[in-house]
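I have placed the structure first, in the form of structure tokens, so that the comments after it can refer back to it.
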Amino acid sequence: WAEMSWVGRLRALDVYPKTLDDFKERTLSGATVSIISGIFILLLVLSEVSLYLSKDSSHQLSVDTSRGGKLMINFDITFPALTCSVLSVDAMDVSGEHELDVVQSIYKRRLSKEGEPIGEVLHEKVHVGDNEKEMLAELTKQLVEGCNIYGSLLVNKVAGNFHISMHAQDFHILSHLFPSRDNINISHVVNSLGFGFSYPGQTNPLDGERRIIEKGSGTFEYYIKIVPTTYLYSNGNQVSTNQYSVTDHFKSSLDGFPAVYFMYDLSPIMVTVQESKRSFLHFVTQLCAIVGGVFTVSGLLDSVVHKGINSLAKKSELGKGF
């Protein structure tokens with residue numbers, strides 16, 4: 001060791017001694033195992049890259065200690081068989097606040113019988129005719145229309161409800177338009193309904209919900225439990241919002257004109273969602289484990305296959321000799 005040069009000493013530390021090419025044997029079985037191993041490694045690496053680029057999230061529960069504040073309700077609902085001229089958005093809560101025919105941040109789009117938009121988007125109370133006769137004549141023409149009503153409500157952060165009803169016209173006019181309440185088609189499609197800002201991975205149970213009535217009429221009631229949610233992004237930003245669960249009920253008996261009610265209550269439990277990304281070192285470690293593991297297993301497999309083939313070949317030669 002003392003007589004060896006520093007290059008020789010360095011070579012002595014090599015734990016990967018090389019075999020001369022003349023002593024290497026390349027086989028068809030080895031090539032097959034190599035190709036399969038390469039494909040397997042490629043698939044595993046692509047899977048690991050996909051996991052590295054994706055984001056994980058963890059959930060924590062705690063008691064909601066916040067007080068007061070406001071609750072934003074975002075909705076987009078289509079009524080294919082009711083005209084915008086009779087529909088209104090009403091809101092009320094347990095604190096006693098009650099608003100009828102809300103127009104602030106509420107938009108209505110008239111729809112044809114085929115569902116195509118008609119005219120401009122309405123953003124104010126609908127005015128139809130200057131007297132009762134003109135009003136009834138115009139409203140009667142619009143009875144074949146539908147309505148897409150959407151927008152936002154900012155309400156107190158307490159239990160309450162908002163509903164889409166037929167308060168846009170007075171009772172006398174509605175009685176002339178709809179002599180039989182059993183024929184009022186309250187079918188609707190909830191295109192979207194959310195409480196607050198959206199965040200990645202959020203699911204709103206009522207999005208895309210369809211309630212179509214083929215015969216008769218009634219009132220739809222959705223009972224919503226709102227869960228306050230804080231979403232923490234991996235970059236340090238956060239958003240305070242809400243998610244919810246829902247059950248529903250349909251009442252066919254009518255004490256008044258039909259409506260669609262969304263009754264909500266707040267959960268005392270808050271959910272905190274923490275977004276996280278995998279570290280680069282973890283990603284590199286996984287890649288090394290994949291490549292090294294597959295090469296090791298494929299080497300063992302190739303050795304077993306090679307010895308098996310050689311053993312069969314020797315037995316075959318011995319059989320021919322006899």
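Quick caveat, the model's predicted, so the values are computed rather than measured. Worth knowing before you read on, the calculation uses all heavy atoms, side chains too, and leaves out hydrogens, waters and symmetry mates. Quick note: residue numbers are just sequence positions, from 1.
In summary, the side chains of Lys108 and Asn148 do not present any donor paired with an acceptor at a separation below 3.5 Å, with no hydrogens or angles considered. Counted by atom type alone, Asp207 and Ser192 present zero donor-acceptor pairs between their side chains at under 3.5 Å.
Between the Ser175 side chain and the Phe171 main chain, a donor and an acceptor come within less than 3.5 Å of each other. Proximity of a side-chain donor or acceptor of Thr285 to a complementary backbone N or O of Leu281 within less than 3.5 Å is detected. Distance alone, capped at 3.5 Å, places no donor-acceptor pair between the Ser62 side chain and the Gln60 backbone. With Ser217 contributing its side chain and Asn183 its backbone, the two residues share no donor-acceptor pair below 3.5 Å. At least one donor-acceptor pair closer than 3.5 Å links the side chain of Asp90 to the backbone N or O of Asp101. For the pair Thr241 (side chain) and Phe197 (backbone), a donor-acceptor distance under 3.5 Å is present. In this structure a side-chain-to-backbone donor-acceptor pair under 3.5 Å is present from Gln169 to Ser85.
No more than 12 heavy atoms of other residues, nucleotides or ligands lie within 6.0 Å of NZ in Lys113, so this atom counts as exposed by the packing criterion. Within 6.0 Å of NZ in Lys141 there are 12 or fewer heavy atoms belonging to other residues, nucleotides or ligands. With a 6.0 Å radius and a threshold of 12 heavy atoms from other residues, nucleotides or ligands, Arg211 has its CZ atom above the threshold. A 6.0 Å sphere centred on CZ of Phe250 holds more than 12 heavy atoms belonging to other residues, nucleotides or ligands.
A centroid separation of less than 6.0 Å is found between the aromatic rings of Tyr244 and Phe195. Checked against the 6.0 Å centroid threshold, Phe75 and Phe262 do not count as a close aromatic pair. The six-membered or imidazole ring of Tyr233 lies away from that of Tyr199, with a centre-to-centre distance of 6.0 Å or more.
You'll find the side chain of Thr140 reaches within 4.5 Å of the side chain of Leu177, heavy atoms only. Residues Asn156 and Val94 form no side-chain contact, since every pair of their non-hydrogen atoms from C-beta on lies 4.5 Å or further apart. Proximity of Thr83 to Arg110: side-chain heavy atoms (C-beta onward) are nowhere separated by under 4.5 Å. Taking the side chain as every heavy atom from C-beta outward, Ile164 and Phe79 approach each other to under 4.5 Å. For the pair Phe257/Thr219, no side-chain contact is recorded, criterion being any heavy-atom separation below 4.5 Å from C-beta on. Side-chain atoms of Leu193 and Ile77, non-hydrogen and from C-beta on, never get closer than 4.5 Å to each other. Within the 4.5 Å cutoff, side-chain heavy atoms of Phe178 are placed close to those of Met166.
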What verdict does the side chain to side chain contact (heavy atoms under 4.5 Å, CB included) test give for Leu82 and Ile184, after you've listed the backbone C-alpha separation in whole Å, the side-chain angles of each residue and the deciding distance to 0.1 Å? CA-CA 8 Å; Leu82 283 177; Ile184 301 176; 3.9 Å; yes

Using the side chain to side chain donor-acceptor pair (under 3.5 Å) rule, take Ser234 and Glu275 through it: C-alpha gap first, then chi angles, then the decisive distance, then the call. CA-CA 5 Å; Ser234 57; Glu275 181 185 84; 3.1 Å; yes

Hey, mind stepping through Glu48 and Arg278 against side chain to side chain contact (heavy atoms under 4.5 Å, CB included) and telling me if it holds? CA-CA 11 Å; Glu48 192 61 34; Arg278 298 191 178 201; 3.6 Å; yes

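Grouping the Ile, Leu, Val, Met, Phe, Trp and Tyr side chains by contacts below 4.5 angstrom, directly or via other members, places Val246 with Ile226. Hydrophobic cluster membership is shared by Val49 and Tyr52, with clusters built from Ile, Leu, Val, Met, Phe, Trp and Tyr side chains linked at under 4.5 angstrom. A continuous path of hydrophobic side-chain contacts links Val102 to Val155 [ILVMFWY only; heavy atoms under 4.5 Å]. By the criterion of side-chain heavy atoms lying less than 4.5 angstrom apart, applied directly or through intervening Ile, Leu, Val, Met, Phe, Trp or Tyr residues, Leu87 is not grouped with Tyr150; the two fall into different hydrophobic clusters. At a threshold of 4.5 Å between side-chain heavy atoms, the hydrophobic network of Ile, Leu, Val, Met, Phe, Trp and Tyr places Tyr264 and Ile106 in one connected group.
Gly146 and Cys84 make their closest contact through O-SG, 4.2 Å (heavy atoms, listed as atom of the first residue, atom of the second, distance). Across Ile186 and Val260, no two heavy atoms sit closer than the pair CG1-CG2, 3.9 Å. Pairing each heavy atom of Val294 with each of Leu44, the nearest pair is CG2-CD1, 4.1 Å. Of all the heavy atoms in Ile290 and Ile41, the pair that sits closest is CG2-O, 4.4 Å. Between Ser66 and Lys157 the shortest heavy-atom distance is OG-NZ, 3.8 Å. Closest non-hydrogen pair, Gly196 versus Asn74, comes out as O-ND2, 3.1 Å.
Going from atom CD of Gln274 over to atom CD of Gln238 covers 10.0 Å, rounded to the nearest 0.5 Å. The CG atom of Leu174 sits 9.0 Å away from atom CZ of Arg181, with the distance rounded to the nearest 0.5 Å. Atom CG of Asp248 is separated from atom OH of Tyr223 by 9.5 Å, given to the nearest 0.5 angstrom. To the nearest 0.5 Å, atom CD1 of residue Ile36 and atom OG of residue Ser298 are 10.0 Å apart. Here the CE-CZ distance, from Met263 to Phe162, works out to 11.5 Å after rounding to the nearest 0.5 Å. Between Ser245 atom OG and Leu206 atom CG the span is 10.0 Å, to the nearest 0.5 Å.
Of the listed residues (Leu61, Asp64, Asn242), just one forms a side chain to side chain contact (heavy atoms under 4.5 Å, CB included) with Val271, and that residue is Leu61.
Using the six-membered ring where Trp is involved, His163 and His167 have ring planes that are perpendicular, over 60° apart on the 30 and 60° scheme.
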